[in-house]
Amino acid sequence: MQRRPRSLKSRALQLLAQRDQSRLELRTKLLRHARAAVANDAGTAGDTDDDGRTAAAEVELLLDWLQANGLLSNERFAESRVHARQGRFGLLRIKGELGRHDVALPAELEQALAASELERAAAVRARRFAAPPGDAAERAAQSRFLLARGFAPELVHRLMRGVGRIAVDAESTLDDVA
């Protein structure tokens, strides 16, 4: 008994049930299946350019339908991605990731992320590094770590200056007690 291949709509709904997808991401995943299905239906003698155009048109129609029925939303995808990433990454990294999905970061989400950026960077640094930097090499390593996580250079500089002051204050307090 040969198993009937799943429809594109079925695949799209399964992918959307797993997690929110951007339109671009879902298009890429569905095009792969649509091209294979069109090629199988037409046989190997068909024109591959026509097969590709047919598959792309079919996928675009499905994406339009999903969007019109509220099942596919770039705004919902952006909110979901920000929620999942904000505890580990900075605004620059989050915006870059959304840009690769061809999704703009809503202004209110961007403002909220920017307002909490310093606190989030401090929390990320504290989770990764148990102690404040003891010398310039450690300060540079911690700064590079935060920069790689997508935090703005001026914010990292400000945070590392503050961390250095806290460490100096803590040492002088301990010396006073002893």
Student: The criterion is salt bridge (charged side-chain N to carboxylate O under 4.0 Å, His left out); which residues satisfy it with Glu60, sequence neighbours excluded?
Tutor: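 Glu60 satisfies salt bridge (charged side-chain N to carboxylate O under 4.0 Å, His left out) with Arg23, Arg27 once adjacent residues are dropped.
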
Student: How far does CD of Glu75 sit from OG of Ser80, to the nearest 0.5 angstrom?
Tutor: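 Reported value, rounded in 0.5 Å steps: 13.0 Å.
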
Student: I want to check something: taking the side chain as every heavy atom from C-beta on, are Lys29 and Arg11 in contact at a cut-off of under 4.5 Å?
Tutor: no

Student: Do the numbers put Arg128 on top of the ring of Phe145, so that NZ or CZ is under 6.0 Å from the six-membered ring centre and no more than 45° off the axis?
Tutor: yes

Student: Give a yes or no on whether Leu16 and Phe77 share a hydrophobic cluster (residues Ile, Leu, Val, Met, Phe, Trp, Tyr; joining criterion: side-chain heavy atoms under 4.5 Å apart).
Tutor: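 No, no single cluster joins them.
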
Student: To the nearest 0.5 Å, what is the distance between CG on Leu13 and OG on Ser7?
Tutor: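 It is 8.0 Å, given to the nearest 0.5 Å.
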
Student: Show the numbers, then the answer: is there a side chain to side chain contact (heavy atoms under 4.5 Å, CB included) between Phe89 and Arg120?
Tutor: CA-CA 8 Å; Phe89 299 110; Arg120 291 184 300 110; 6.0 Å; no

Student: List the atom of Ala78, the atom of Val103, and the distance in Å for their closest heavy-atom pair.
Tutor: CB-CG1, 3.8 Å

Student: Step by step, would you call Val124 with Phe151 a side chain to side chain contact (heavy atoms under 4.5 Å, CB included)?
Tutor: CA-CA 10 Å; Val124 168; Phe151 293 100; 4.1 Å; yes

Student: Tell me the closest heavy-atom pair linking Leu91 and Ala114, and the distance in Å.
Tutor: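 Closest approach of Leu91 to Ala114, heavy atoms only: CD2-CB, 4.3 Å.
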
Student: How many angstroms lie between atom NE2 of His83 and atom CG of Leu109, to the nearest 0.5 angstrom?
Tutor: 11.5 Å

Student: Minimum heavy-atom separation for Leu155 and Ala121, please, with both atom names.
Tutor: CD2-CB, 3.7 Å

Student: Between Arg76 and Glu79, is the closest basic N to carboxylate O distance under 4.0 Å?
Tutor: no

Student: If hydrophobic residues (ILVMFWY) are linked whenever their side-chain heavy atoms come closer than 4.5 Å, directly or via other members, who joins Leu24 in its cluster?
Tutor: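 Same cluster as Leu24: nobody, lone residue.
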
Student: What closest approach, in Å, do Ser22 and His101 show between heavy atoms, and which atom pair accounts for it?
Tutor: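 Looking at all heavy atoms of both residues, the shortest contact is OG-ND1, 3.1 Å.
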
Student: Could you tell me whether a side-chain N or O of Arg93 sits under 3.5 Å from a main-chain N or O of Ala148, the two making a donor and an acceptor?
Tutor: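 Checked: pair present.
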
Student: So do Leu113 and Leu105 actually touch side chain to side chain, heavy atoms under 4.5 Å?
Tutor: yes

Student: Within the 4.5 Å heavy-atom criterion, are Val163 and Pro133 side-chain neighbours or not?
Tutor: yes

Student: Quick one: does any side-chain atom of Arg139 pair with a main-chain N or O of Met160 as donor and acceptor, under 3.5 Å?
Tutor: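 Indeed, once roles are kept as given, a pair shorter than 3.5 Å links the two residues.
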
Student: Going from CD on Glu110 to NZ on Lys95, what distance comes out if it is rounded to the nearest 0.5 angstrom?
Tutor: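 Glu110 CD to Lys95 NZ: 4.0 Å, rounded to 0.5 Å.
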
Student: Kindly compute the distance separating NE2 (His33) from CG (Leu15), expressed to the nearest 0.5 Å.
Tutor: 7.0 Å

Student: What about Leu118 and Leu92, same hydrophobic cluster or not, with Ile/Leu/Val/Met/Phe/Trp/Tyr joined at side-chain heavy-atom distances under 4.5 Å?
Tutor: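 No, it is not one cluster - the side chains of Leu118 and Leu92 are not joined through contacts under 4.5 Å.
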
Student: Test your reading of the model: is there a side-chain donor-acceptor pair from Arg125 to the backbone of Gln142, 3.5 Å cut-off?
Tutor: no

Student: Any link between Leu61 and Val59 through a network of hydrophobic side chains (Ile, Leu, Val, Met, Phe, Trp, Tyr) touching at under 4.5 Å?
Tutor: no

Student: Ignoring hydrogens, what is the shortest heavy-atom contact between Leu147 and Ala152? Give both atom names and the distance.
Tutor: CD2-C, 4.2 Å

Student: Any chance you could lay out the side chain to side chain contact (heavy atoms under 4.5 Å, CB included) test for Leu26 and Leu66, step after step, and finish with the verdict?
Tutor: CA-CA 11 Å; Leu26 192 57; Leu66 290 168; 3.9 Å; yes

Student: Between Arg19 and Glu25, does any NZ, NE, NH1 or NH2 come within less than 4.0 Å of an OD or OE carboxylate oxygen?
Tutor: yes

Student: Begin from the C-alpha positions of Leu63 and Leu30 and carry the test side chain to side chain contact (heavy atoms under 4.5 Å, CB included) through to its verdict.
Tutor: CA-CA 10 Å; Leu63 292 173; Leu30 293 177; 4.3 Å; yes

Student: Rounded to the nearest 0.5 Å, how far apart are CZ of Arg85 and CG of Leu98?
Tutor: 9.5 Å

Student: Do Asp20 and Ser73 come within less than 4.5 Å of each other through their side chains, counting heavy atoms only?
Tutor: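 SC-SC contact between Asp20 and Ser73 ruled out.
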
